[in-house]
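For reference, the structure is listed below as structure tokens.
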Amino acid sequence: MSSDAITSREKDFAKWYQDVIRQGDLAEPAEVVRGCMVIKPHGYAIWEKIQAEMDRRIKATGHKNAYFPLLIPLSFLAKEASHVEGFAMECAVVTHSGLKAVRGPDGKVEIEVKNELEEPYVIRPTSETIIGHYFAKWIQSHRDLPMLINQWCNIMRWEMRTRLFLRTSEFLWQEGHTAHATHEESLEEVHRMLNVYADVAENVMAMPVIRGKKTDSEKFAGAVSSFCIEAMMQDGKALQAGTSHDLGQNFGRAFDVKFQNKAGEIEYVWQTSWGATTRLIGGLIMTHSDDAGLVLPPLLAPIQVVIIPIFKSDEEHAKVVEAGHKLRRECEEAGLSVVLDDRDGMRPGAKHFDWEQKGVPVRIEIGPRDVAAGSCVVKRRDKDPKEKSSLPLTGAATVLKTLMSEMQTSLLERARAFRASRMVKVDTFDQFKQALDPGGKGNFLL
RNA sequence: CGGGGCGUAGCGCAGCCUGGUAGCGCACACGGUUCGGGACCGUGGGGUCGGAGGUUCAAAUCCUCUCGCCCCGACCA
């Protein structure tokens, strides 16, 4: 209905983005905590899928997960000059511990903060400093290298302007921190992890990306150089979707992370750091979703198949649901995540819209006619909803499994085609200026 | 942080200019008829109008402050 409709992309892209998130039940602003968001179960399930795929690749490249404190001593920030300068304004600072509750005469409880800390803590805006501190303790010899650590955690950056998933004051991410014996090795690591990000983006999220180097003004505060992957959104704008930094010996020097090389000489380590965040979900939305709501690539869909029973009488209901459960079990055995939507009091059409908005890749109808014919009706989220095909119930799970990988591929191809249609290749600066001229729509690759 | 817009029921909104007992649609609850793409009828529940002050006999409405959200910009993942 009009009250919960989704604004079209053409009419208002920013509004559309928020509508998709609301209707897809992914997240909502935490209006009681400035700039933060509540990630709802469906949104969080997508994050868990991204996490799982990313984590597997991080471990496969030799890294180990660990966890470091949320709070960082203020003095740590001061050790790397350009690092503080970059993050200073975004830091939330913890200055007190303990509260005192005072009950006034009217019965109201007033709360005041109690003990001022000797040294304030900063809520981590990123963990190079505290991890650098521990690297210094853990690394003595070239035999301790490379040190390959990753942590999954939350981060706080006091942002001036926030947008759900794309930029929130608190966000979830993974941050890798590594130390190496040579610059050559650490640079190799920087690009290895950039490639992991590109792999996840393209082969899991079906989101084509371009690898690039950030300009000096854009690079990570404290890095020698920063690399990133950029994806193109449906409004033609680029989204930075993952970064990998060459930290050189900057943090090694700042935190005194030294090792003895094979020749017995003392050297500073060469470090890297790399991160990917919940922003990826924002990129996912803006890459694939349409005016009907969320579209999820099968590899990231918490629910891949929904079975909608169609019936009039109780007898029909019994038959249809029986066939539905049989199909559900077969799909589960084939490794698909599937839901039989037997919700009472909701008509089939309403169920279709509900799951469509949530981005479920395939919806299946089973009605009395299908049970009689031994078939079911299949609708793909990446196609026009009027486009339906029939599928024999026997062996349907296998066909659906294949369909999933087809959808995964076709979403990536579609996104690539879109990007190609908006991207202009230029060879000279004059061409660049010319290309920018007509309305500025589109992005450009030099 | 600069410029603009907006906070009224779970969601989307009207009412505000011109103060006078808080409304609509969807959602929700119950009953019935329905059911292959958002069903319909009837009945009902739900709001100290973001918050705090002020003006007034009287404030959703006028004034001041404040918090939050959205958009553009600068900055970032």
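Per chain, numbering begins at 1; letters A, B, ... match sequence-line order. Everything quoted here is computed from the prediction, not taken from an experiment.
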query: Where along nucleotides 41-47 of chain B does protein come under 4.0 Å, by heavy atom, of base (B) or sugar-phosphate alone (S), with - for untouched nucleotides?
result: -------

query: Is the NZ or CZ atom of A:Arg157 positioned over A:Phe171's six-membered ring, under 6.0 angstrom from the centre and within 45° of the axis?
result: no

field: Inter-nucleotide C1' distance (B:rC28, B:rG47), Å rounded
entry: 15 Å

- prompt: Has the side chain of A:Arg161 got a donor or acceptor that lies under 3.5 Å from a partner of the other kind on the base of B:rG2?
  reply: no

task: Record whether the side chain of A:Glu356 comes under 3.5 Å of the base of B:rG37 through a donor-acceptor pair of N or O atoms.
output: yes

message: Tell me which nucleotide, if any, is Watson-Crick or G-U wobble paired with B:rC6 when both distances must be under 3.5 Å.
response: B:rG68

task: Under the salt bridge (Lys or Arg N to Asp or Glu O under 4.0 Å) rule, what do A:Arg416 and A:Glu202 come out as? Steps first, then yes or no, please.
output: CA-CA 10 Å; A:Arg416 278 203 176 118; A:Glu202 301 201 331; 3.5 Å; yes

- prompt: Out of A:Lys386, A:Glu356, A:His352, which one pairs with A:Lys379 under the side-chain contact (heavy atoms from CB on, under 4.5 Å) rule?
  reply: A:His352

message: At 4.0 Å (heavy atoms only), tell me whether A:Asp370 reaches a base, stays on the sugar-phosphate, or touches nothing.
response: base

statement: Per nearest nucleotide of RNA chain B, the residue lying toward the 5' end, A:Met160 or A:Lys388, is A:Met160

Polar-atom pairs under 3.5 Å, protein N or O versus N or O of nucleotides 8-10 of chain B: list them with distances, or write none.
none

task: Sequence neighbours left out, what pairs pass ring pair (Phe, Tyr, Trp, His ring centres under 6.0 Å) with at least one residue falling in residues 200-226 of chain A?
output: A:His83-A:Phe220, A:Phe87-A:Phe220, A:Phe220-A:His245

message: Using a heavy-atom cut-off of 4.0 Å across all strands, would you classify A:Gly283 as base, sugar-phosphate, or nothing?
response: nothing

- prompt: Ignoring hydrogens and angles, are the base of B:rC76 and the side chain of A:Arg167 linked by a donor-acceptor pair under 3.5 Å?
  reply: yes

- prompt: Passes salt bridge (Lys or Arg N to Asp or Glu O under 4.0 Å), A:Asp290 versus A:Arg9? Steps please.
  reply: CA-CA 8 Å; A:Asp290 59 24; A:Arg9 286 161 289 185; 5.6 Å; no

field: Who pairs with B:rA39 - Watson-Crick or G-U, where each distance is under 3.5 Å
entry: B:rU33

task: Provide the Watson-Crick or G-U wobble partner of B:rU55, both distances under 3.5 Å; none if there is no partner.
output: none

query: A:Thr243 or A:Met346: which one's nearest nucleotide on RNA chain B is closer to the 5' end?
result: A:Met346

- request: Using distance alone, with no hydrogens and no angle criterion, decide if A:Ser273 and A:Glu128 have a side-chain donor and acceptor under 3.5 Å apart.
  value: yes

